[in-house]
Structures are given as structure tokens and as C-alpha cells.
Amino acid sequence: MSLRNKVVASFAEAVRDIPDGATIGFGGFAMPGTPFNLIRALAEQGARNLTLVANTTGGAQQPRMPDIALLVERGRVRKVICAFTAATRASDVLPFTKYYEAGEVEAELVPQGTLAERLRAAGAGIPAFYTPTAVGTELAEGRETRVINGREYLLEYALPLDYAFVRARRADAFGNLRYWRSQRNFNPVMAMAARVTIAEVDEEILPVGALDPDDIHTPGIFVHRVVKVPPPPEGLWPQKRLERNR
Amino acid sequence: MSATKGWSRQQMADRIAREFQDGWIVNLGVGLPTLCSNTDIGGREVIYHSENGVIGYGPIAGPGEEDLNLVNAGGQNVTLKPGAAVVHHADSFAIIRSGRIDATVMGAYEVACNGDFANWKVAGAKGGGIGGAMDLAACARRVFIVLEHTTRDGRPRLVARCTLPVTARGVVTLAATNLGLFEPAGEAFRVRDLAPGVTLEEVRAATGCPVLA
């Protein structure tokens, strides 16, 4: 008996079955670890009424990359769940803002650590947890809190996903993944929160057994499809953003 | 009064960075707080933590030296110092939530003398940018804020009570502005330092609540 081979030949094939109304999570923090190729394929596939879970609403990169802002602009998105629904600097305007302010897209704003932990909890069989984050803020209004050992905590629920799109440096055919540097970010928790996880991979996909078991960041049991990213221009890689004064 | 009177942006960051003690784990927010990493703090060794899971990052990578898969919280291509580690997002925030960050440095729109501060949503906006700020504000051992003392049209940013939605309540340890370094003391700010050439009277005129010498 051998481990199932999860290698898929194209991005289009990898996202073909995603239905309207799906909840999809995306790894990525700034450029690193963002599954640009899968996002572009989903935009071409055409699924609508989607709920998207990611750190930001995208669209901040210059030149633009196909991040989730592309799906918003194409009218595919019902709701986003993000740690940013506006730019870090109030003077910057994101593509998302126009659609949000027009009421065409809903948004749930979640503190970044709470977002990561809600995903981890979904992947860990934990339905909810208490956190000190956001206590006393607008986000906690009307919600359940509890005092534990003298400190007030806010109840947060797990955030399960139908699909996760992740990006890794290296993979084997069973879907064991290894990331490089800050490429890791949300990818492991997105993968564990999802019913179906699809990984785009920088390097040639290795035969099962080629990765040392101690060197695997996301085990293949959390991963269902792997696609090799071809060289540019067909495949999208991180590219240097234009420098801005910060 | 000119908003640029007193310390420059780098000098505001320097004043905060001089509070860092040897061995501290420090998280620097995007923008002005990033300048703290330029400050010479002598022989003291500080470990910089970035919310995306990079622990122990060093200076910005030189031209041509960038690893495009290695960024800090501001998306800048940084380097790693010896002993650095990379973790995923849930572990990065486990480090924050469990109280292992000795100090976080953030920008803000407003700081109140009761220790509240606001930095995620501007008046009239539908969306906001929280990022890791609420986790850091609620859980870091010390919350340092750097901000201009007044808005561009001269209104105080150091106030009795925040008018904007708060990031966390009662957490601010110190606030550095172009006019000096201030400590929330309940119903007033206490002056810890004044920038050169700035008088207590000038600070009081530019502040939205009492200021104690």
C-alpha cells in the first residue's frame, strides 16, 4: 500500500470543484506565502458569493498582484473576514474600500491573533476559547465575556473553512509541506482549519519519503492537493514591491 | 504651536528605545515605531519580534540582498540575526498573548491619561486596521506609544478620554511625542522628559487634559 498521490497538474484543475458560497481561507502576510496562482485560477473559475478569510483585503501591492482584492473587484465575494478592512495608514485607500462602503461586500474585522487562533481552534477540534484581546473595545460590545482568575476575557468561536489556499517552498507527493522564512505565517493554521487544503509549491514536488519527518511544518494529512508553481511568466512568484516611505 | 517643535520623529523613537532593557523581547509597529531599531542603545541586546512569526530579525536587507520571502510586520525585507527563529501565526500570537513581549511600540491617533489609546479606526470610516494591535495592547508587559503631540490642525492627541474607538483600555505605559515623554497618571499626564526648548506651559497648552510636572 502506498500513500495517496495528491499532485494535481494545473491550478485550474485544483480549484475546479469550488462551489458558489464556499468559505475559503488564504495564507500570506504581505507577499510571502500568498497563493497568488491559486487565487488567479479561482478568479478565472468564476465561483461566486464567496466568504474569504485572510489577514488583509489585499490590493496594497504595487504593482498589483492577484490577491483577494481581485476576487472582490470581480464581484465574487459576499463577505471577508480579515484583520484589516482599511489600510494601515488612514491616508491609503484600498480597492476593497469602495465595494465595502457601497455595501456590496460585508466584512468582519478580527484582531490578527484572534483570527489565527480561531483557525487553529477549528483545526484542533476546539469550538471556542477565551482571549483577553479586544476586551473593552467596540469589537466586544454585546458579546459574552467571562472573568477568569480576576481578568476579563472575550469568548471567540472557531472559524472552520471549506477550502484553504496555501503556499509552501517544498512538498512531497503526499502533501507534506515545508515553508521558507516568513512564508509560513498563516499557512499552517489555514491548512488545519479547512476541509480541503490546496497547496501551491515553489520547488519540484518530491517523492514520498524525500522529506525528513522532523523537517515537516504542515503534515500531509492536512493537505489534499499540491500544484507545482511553474517558472515565470506562467507562474507567479513573489516580486519586489515598489519602495515606499514608511 | 508648530507640530514639528521639539523632537524629530527619530528623536521620539530614540527616547522610547532608550527605555529598552538588556534581553527584552520587543515588538515594533509599522511606521514611526520602526525607527526605534535605528537607536544606539549601547551594549544592550534586544530581540525584535514581528507579528508574522519572525523572532530575532535584524536590519533591512541591502539592495540585491533581499530574501523576498522574509519580511517584518511592515512588509520590509529584513535580515535575520544569529539565533533567530520563525514560527507560524498562531505561535507568534501565543508568544504575545502569554505575556512574553516585554514592550510593544505603536503609533496612535489618541492617548488618554487613563491609559486608553486609539489607533485602529478613524472618525467616519466604515473599516479599520487592527492587525496585531489589539493582541499586543492587551497582552504586552509594556505599551509604548509614539505620536505627534497634536493633529495637523492643532488639536491635542493627548486627551482626557479617547474620542475614537479604543484599541485597549488602561494599558499605556509611556507616550513619546515631539514635545516630550509622558506617563498616564489617571486624570493627568506626568512629564517624564521635555524635548529641548519646550516648556511645561507649551505642553499644557497643547494637551487636552492636566499635565503634572
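Just so you know, these numbers use all the heavy atoms, side chains as well, and skip hydrogens, waters and symmetry mates. All chains are named by letter (A, B, ...) in the order of the sequence lines, taking the proteins before the strands, and each is independently numbered beginning at 1.
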When every non-hydrogen atom of A/Leu109 is compared with those of B/Trp120, the smallest separation belongs to CD2-CZ3, 3.4 Å
Taking all heavy atoms of B/Gly75 and all of A/Ala30, pick out the closest pair and write down the distance.
CA-CB, 4.1 Å
Chain B contacts: which residues in residues 124-139 of chain A have a non-hydrogen atom closer than 4.5 Å to it?
A/Thr131, A/Pro132, A/Thr133, A/Ala134, A/Gly136, A/Thr137, A/Glu138, A/Leu139
Pairs of heavy atoms under 4.5 Å with chain A: top-ranked of [options]:
options                               : answer
B/Ala133, B/Ala125, B/Ala138          : B/Ala138
B/His88, B/Arg169, B/Lys126           : B/Lys126
B/Ala118, B/Ala84, B/Ala73, B/Ala137  : B/Ala73
B/Val166, B/Thr167, B/Asn69           : B/Asn69
B/Gly132, B/Ala90, B/Pro165, B/Gly128 : B/Gly128

Applying a criterion of heavy atom separation less than 4.5 Å, what residues of residues 53-62 of chain B form contacts with chain A?
B/Val54
Identify which of A/Gly113, A/Cys82, A/Gly27 forms the greatest number of heavy-atom pairs closer than 4.5 Å to chain B.
A/Gly113
So which of A/Leu94, A/Thr57, A/Asn185 has the biggest tally of heavy-atom pairs under 4.5 Å with chain B?
A/Asn185
So, using side chain to side chain contact (heavy atoms under 4.5 Å, CB included) as the criterion, who are the partners of A/Glu108 when residues are at least two apart?
A/Lys79, A/Ile81, A/Val110, A/Arg118
Relative to each other, are the rings of B/His89 and A/Phe29 parallel, tilted or perpendicular (30° and 60° limits)?
tilted
Please lay out, stage by stage, how A/Leu115 and B/Phe93 fare under the test side chain to side chain contact (heavy atoms under 4.5 Å, CB included).
CA-CA 10 Å; A/Leu115 185 62; B/Phe93 281 84; over 6 Å; no
Which portion of B/Val87 sits near chain A, non-hydrogen atoms under 4.5 angstrom
backbone
Using non-hydrogen atoms only, which part of A/Arg151 is less than 4.5 Å away from chain B: side chain, backbone, both, or neither?
side chain
Side chain, backbone, both or neither: which part of A/Thr56 has a heavy atom under 4.5 Å from chain B?
neither
Determine whether B/Leu68 and A/Trp237 satisfy the following criterion, side chain to side chain contact (heavy atoms under 4.5 Å, CB included), listing intermediate values before the conclusion.
CA-CA 9 Å; B/Leu68 298 186; A/Trp237 292 77; over 6 Å; no
Does CZ belonging to B/Arg155 count more than 12 external heavy atoms closer than 6.0 Å?
no
With sequence neighbours excluded, give me every salt bridge (charged side-chain N to carboxylate O under 4.0 Å, His left out) pair touching residues 93-104 of chain B.
B/Asp102-B/Arg141
Option passing side chain to side chain contact (heavy atoms under 4.5 Å, CB included) with A/Pro32 (candidates B/Asp67, B/Val71, B/Asn77):
B/Val71
